[in-house]
**Q** 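Just dropping this structure here.
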Amino acid sequence: MVMVMRSISSCLTLSQTPPPPLRPRASNHLSTQKQCKRNSRNYCSTRPQILSPPPLSRDALGFRVFVLSDLHTDYPENMNWVKSLSTKAYKNDLLLLAGDVAETYHNFYSTMSLLKDRFQHVFYVPGNHDLWCRSEPDGHPYYLDSLDKLNKLLDACRGLGVQTRPMVLYGLGIVPLFSWYHESFDREMDIAGIRIPSLEMVCKDFHACKWPREISNRSTSLASYFDAMNEENEDAVKLIKNTCTQIITFSHFLPRQELCPEKRMLFYPNLPKIIGSDFLEVRIRSIHGSEGNASACHVFGHTHFCWDSVLDGIRP
């Protein structure tokens, strides 16, 4: 989903752009995706189109914040969609990339270069697909594990001028939040009476991601590790909280299970075990406040579900 936030005269509004004629290929970390195509008529959604902005008078000048997630540009049609974006229409705008840009470093770097050339400011947080240890073309970095790949992706962002740390732009606070999922995030009762494949069978992260021995997908250690990465930005976040009346936080994973359909509605009922983090919820509340406020906004990706709601004073 593409969302556009326009900041003019200290007013932040959120809108969705209409769907395009283009149907980029959708990727998912579930290996049962091919089976799901039988139900695509009911569940598939198209990527909304980023339209050229309407002309603005000098009295109404402002900037817009675009949000993209799960581009999966390893699929050529998705990469072509990125290439088709105007090189002029968004030169004054911000782009938040909420993870899952590409599985290979080569495609990641190409995609980020294209987007940085089109938007004045680009912010990024990593998704699970970004950290898959895939084979790379000759001449591209080799990585020991997914953490090593993460460091190389962040180095690439720094080289391209893509931001991965909190920043104030035009009075608006932007806070990227590192996160990972853990099974205990799921508190809904499991569906009984049917055979449900294991997480290892369904979720490719358990095979495509490589982690040091001390951290694992099967505990909270990975979620805790990624959450701790945010602590080095505490001073910048404190400055944003003290100076900005409008703050946008964004992550790849979900902070609340209510942001996913109930298990009885899901093709894979155990999906909530691999989508979110309680650490992330606490981190967001520490920024927006325990009760939120009228301008509190958090953006996430990962599930490929379009979602817009207000939970305890924060609009995710």
**Q** Using only atom types and a distance under 3.5 Å, with no angle test, would you say the side chain of D130 pairs donor to acceptor with the backbone of G127?
**A** yes
**Q** Which heavy-atom pair separates C260 from F305 by the least distance, and what is that distance?
**A** SG-CE1, 4.3 Å
**Q** Can you find a pair of side-chain heavy atoms, one from Q120 and one from L169, that are under 4.5 Å apart?
**A** no
**Q** Do the non-hydrogen side-chain atoms of R134 and D74 ever get within less than 4.5 Å of each other?
**A** no
**Q** Quick one: are the ring centres of F119 and Y90 less than 6.0 Å apart?
**A** yes
**Q** Taking the side chain as every heavy atom from C-beta outward, state whether L147 and I215 have any pair of such atoms under 4.5 Å apart.
**A** yes
**Q** Decide if atom NZ of K238 counts as having more than 12 heavy atoms of other residues, nucleotides or ligands within a radius under 6.0 Å.
**A** no
**Q** Just verifying a value: how many Å separate T220 OG1 and F279 CZ, rounded to the nearest 0.5 Å?
**A** 4.5 Å
**Q** If we count only N and O atoms by modelled type, under 3.5 Å, do the side chains of N128 and Y181 hold a donor and an acceptor together?
**A** no
**Q** Quick one: does any side-chain atom of Y143 pair with a main-chain N or O of L131 as donor and acceptor, under 3.5 Å?
**A** no
**Q** Check T249 against I284 and note the closest heavy-atom contact, atom names and distance.
**A** OG1-CG2, 4.3 Å
**Q** Answer yes or no: is there a donor N or O on one side and an acceptor on the other, between the side chain of N80 and the main chain of P76, under 3.5 Å?
**A** yes
**Q** What is the distance from atom NE2 of H121 to atom CD of Q163, rounded to the nearest 0.5 Å?
**A** 8.0 Å
**Q** Answer with yes or no whether the hydrophobic clustering places M189 together with I194; edges join I, L, V, M, F, W, Y residues whose side-chain heavy atoms lie under 4.5 Å apart.
**A** no
**Q** Checking the side chain of N233 only, and the main-chain atoms of P166 only, is there a donor and an acceptor separated by less than 3.5 Å?
**A** no
**Q** Could you check whether any side-chain heavy atom of L177 comes within less than 4.5 Å of a side-chain heavy atom of I287, counting everything from C-beta outward?
**A** yes
**Q** Can a donor-acceptor pair be found, under 3.5 Å and without considering hydrogens, that links the side chain of S286 to the backbone of R283?
**A** yes
**Q** If every non-hydrogen atom of L254 is compared with every non-hydrogen atom of H302, which pair is closest and at what distance?
**A** CD1-CB, 4.4 Å
**Q** Could you see if V125 belongs to whatever hydrophobic cluster contains V282? Use Ile, Leu, Val, Met, Phe, Trp, Tyr and a side-chain cutoff under 4.5 Å.
**A** no
**Q** Main chain of K83, side chain of R118: is a donor-acceptor contact present, judged purely on distance under 3.5 Å?
**A** yes
**Q** Taking W180 as the fixed residue, which of S224, S221, C209 is the one that meets the side chain to side chain contact (heavy atoms under 4.5 Å, CB included) rule?
**A** C209
**Q** Compare every heavy atom of L115 with every heavy atom of L85, then report the nearest pair and how far apart it is.
**A** CD1-CD2, 4.1 Å
**Q** Check the side chains of D70 and H304 for a donor-acceptor pair under 3.5 angstrom, ignoring hydrogens and angles.
**A** yes
**Q** Can L97 and F250 be said to form a side-chain contact (heavy atoms from CB on, under 4.5 Å), step by step?
**A** CA-CA 9 Å; L97 282 173; F250 73 103; 5.6 Å; no
**Q** I need the T73 OG1 to E103 CD distance, nearest 0.5 Å.
**A** 9.0 Å
**Q** Within the structure provided, determine whether I240 and V175 are in side-chain contact (heavy-atom separation under 4.5 Å).
**A** yes
**Q** Counting C-beta onward and ignoring hydrogens, is there a side-chain heavy-atom pair between L266 and P272 closer than 4.5 Å?
**A** yes
**Q** Fit a plane to each ring of F300 and H298, take the angle between them on a 0 to 90° scale, and name the class: parallel (under 30°), tilted (30 to 60°) or perpendicular (over 60°).
**A** parallel
**Q** Is the shortest side-chain heavy-atom distance between F185 and I274 below 4.5 Å?
**A** no
**Q** Thinking salt bridges, do R158 and D155 make one under a 4.0 Å N-O criterion?
**A** yes
**Q** Between the side chain of D93 and the main-chain N/O of R64, is any donor-acceptor distance below 3.5 Å?
**A** yes
**Q** Provide the closest heavy-atom pair for A98 versus G301 in the form atom of the first, atom of the second, distance.
**A** CB-N, 4.2 Å
**Q** Looking only at heavy atoms, what is the nearest atom pair of Y105 and A156, with distance?
**A** OH-CB, 3.6 Å
**Q** Keeping the roles fixed (side chain from D100, backbone from H129), state whether a donor-acceptor pair exists under 3.5 Å.
**A** yes
**Q** Does any pair with a residue in residues 241-250 pass salt bridge (Lys or Arg N to Asp or Glu O under 4.0 Å), and if so which ones, sequence neighbours excluded?
**A** none
**Q** Are the side chains of K149 and K210 in touch, meaning some heavy atoms are under 4.5 Å apart?
**A** no
**Q** Could you check whether any side-chain N or O of N92 sits under 3.5 Å from a backbone N or O of F63, counting only pairs where one atom can act as donor and the other as acceptor?
**A** no
**Q** What is the distance from atom CZ of F108 to atom CG of L160, rounded to the nearest 0.5 Å?
**A** 8.0 Å
**Q** When you look at CG of D235, are more than 12 heavy atoms from neighbouring residues, nucleotides or ligands closer to it than 6.0 Å?
**A** no
**Q** Supply the atom-to-atom distance F123 CZ to M167 CE, rounded to the nearest 0.5 angstrom.
**A** 5.0 Å
**Q** I need the I275 CD1 to H182 NE2 distance, nearest 0.5 Å.
**A** 10.5 Å
**Q** Is L172 reachable from L239 through a run of hydrophobic residues whose side-chain heavy atoms are each under 4.5 Å from the next?
**A** no
**Q** Is it the case that atom OH in Y225 sees more than 12 heavy atoms from other parts of the structure closer than 6.0 Å?
**A** no
**Q** Say whether, by atom type as modelled, one donor and one acceptor occur between the side chain of N230 and the main chain of D227 under 3.5 angstrom.
**A** yes
